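First comes the structure, then the notes that go with it.
None of these values were measured; they are calculated from a predicted model.
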Amino acid sequence: MFSIYILTHNEQIDIAPCIESAMLSDEIIVVDSMSSDRTVEIARQYPVQVVQHPFESHGKQRTWMLQEIPTQHEWVYILEADERMTPELFQECLDAIANPGEIIAYYVAERVMFMNQWIRYSTQYPRYQLRLFRKDKVWFTDYGHTEREVCDGPTGFLKETYPHYTSSKGLSRWLDKHNRYSSDEAQETLRQLQKGEVSWNNLFFGRSEVEKRRALKDLSLRLPFRPLLRFIYMYFMLGGILDGRAGFAWCTLQAFYEYLILLKVWELQNMPTPQLDPQPTSNATTSNPS
């Protein structure tokens, strides 16, 4: 068996179906980032452990969770609130950890669900995320708005996938979230342009989809007309046109997100840092109202 972590912040819409999908495991731990809605109240209606911890960043939250929250099992699975565990994936996870050999972690591909359908083509499917791993062999660092894993050992890939309901809380919530994400991505873009480099070897000869995708992202940061190129790449080269109306909407939103990042990069480079109003000195005089 393996334990399942569920990461939450204001997830009252998704938390119940997420927990119910995970109840194939005998240990579920909800790690909540101080939600202000009914997330914790709803989670406590289920036989799960609920732990709250202030959010600093995605990488720090995950690393804190792994280091500070004990689990019954050596292997753990990370589940986001807008993702679901499936019986088929759960069984493959059990099979994988029964005979892992030297492998200490497994990547799982997501199926992006948007406008009530699977966005098959324009999401670079199969797009893998690290989900199942030995708790003592993995930690996380921050990268842009999200995180990147550090693995102390070889990794593998599972065949089964999980659904990711990216807009289950509505388009307004999606836009608000990506507005916040774009600020972090703008800072990471500047850092990569100043100190990072493109791994051409991983781009063309990467051992996995993960290595190739990350090298492609590092390259894309250095290309002109990034929003337009991203739309063309997703809609025509990846085949997003085959995803129908939902695919067009998805590609348009991703191009807009890319443009928002570029605008915030310009803002960081050109707008002066806001200055606080000077505090009055101790010998300053104040006038009494008449």
Side-chain angles (χ1 to χ4, degrees), residues 7 9 31 33 53-66 78 80 82-83 105 107 109-110 112 122-124 127-131 138-151 155 164 166-167 173-204 206-234 238 250-274:
L7 293 160
H9 177 67
V31 183
S33 301
H53 183 256
F55 182 86
E56 296 181 66
S57 67
H58 290 279
K60 290 179 180 178
Q61 188 78 341
R62 283 163 171 74
T63 299
W64 176 89
M65 171 184 76
L66 297 174
I78 291 183
E80 302 276 0
D82 57 359
E83 300 169 354
Y107 289 89
E110 64 176 348
V112 173
S122 48
T123 53
Q124 293 178 293
R127 182 183 174 93
Y128 289 93
Q129 308 289 341
L130 191 79
R131 285 293 180 261
V138 174
W139 62 96
F140 292 87
T141 60
D142 293 320
Y143 184 91
H145 78 270
T146 182
E147 77 288 335
R148 282 190 175 178
E149 65 280 355
V150 181
C151 300
T155 60
H164 181 189
T166 58
S167 59
R173 176 75 177 266
W174 190 97
L175 291 169
D176 289 342
K177 180 172 66 175
H178 283 75
N179 181 39
R180 297 194 308 271
Y181 287 174
S182 62
S183 298
D184 294 332
E185 286 292 331
Q187 293 179 354
E188 183 63 31
T189 296
L190 282 178
R191 191 186 73 82
Q192 285 293 321
L193 293 176
Q194 294 168 359
K195 301 179 181 179
E197 60 183 18
V198 178
S199 175
W200 297 100
N201 183 67
N202 285 347
L203 182 63
F204 293 105
R207 293 172 298 176
S208 68
E209 180 272 340
V210 176
E211 287 187 351
K212 293 179 180 178
R213 169 163 50 88
R214 289 178 176 175
L216 179 61
K217 180 172 182 177
D218 290 339
L219 173 63
S220 71
L221 298 180
R222 293 159 172 81
L223 297 177
F225 309 110
R226 276 167 49 191
L228 177 60
L229 289 177
R230 183 165 187 177
F231 180 86
I232 293 172
Y233 173 70
M234 295 176 65
L238 291 181
W250 180 259
C251 294
T252 301
L253 286 172
Q254 294 300 322
F256 166 74
Y257 176 53
E258 198 74 44
Y259 186 52
L260 193 57
I261 294 171
L262 285 184
L263 289 175
K264 291 188 178 183
V265 168
W266 181 91
E267 187 176 58
L268 289 172
Q269 292 175 320
N270 295 277
M271 296 293 287
T273 303

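Looking only at distances, a side-chain donor or acceptor of Ser182 sits under 3.5 Å from a matching main-chain atom of Asn179. Looking only at distances, a side-chain donor or acceptor of Arg213 sits under 3.5 Å from a matching main-chain atom of Tyr128.
Looking only at atom types and distance, the side chain of Glu188 has a donor-acceptor partner in the side chain of Gln192 under 3.5 Å away. One side chain, Tyr107 or Glu149, offers a donor N or O that lies under 3.5 Å from an acceptor on the other. Of the N and O atoms on the side chains of His58 and Asp142, not one donor lies less than 3.5 Å from an acceptor on the other residue.
Under the 4.5 Å side-chain criterion, counting only non-hydrogen atoms from C-beta, Leu253 is not in contact with His178. Using a 4.5 Å heavy-atom cutoff, the side chains of Thr252 and Phe256 are not in contact. Between Trp200 and Leu219, the closest side-chain pair of non-hydrogen atoms falls below 4.5 Å. The side-chain heavy atoms of Glu258 and Phe231, taken from C-beta on, include no pair separated by under 4.5 Å.
Of all non-hydrogen atoms in His9 and Ser33, the two that sit nearest each other are ND1-O, 2.9 Å. Here the shortest heavy-atom pairing between Leu238 and Ser122 reads CD1-O, 4.1 Å.
Salt-bridge formation is detected for the pair Glu185/Lys217: a Lys NZ or Arg NE/NH1/NH2 atom is positioned less than 4.0 Å from an Asp or Glu carboxylate oxygen.
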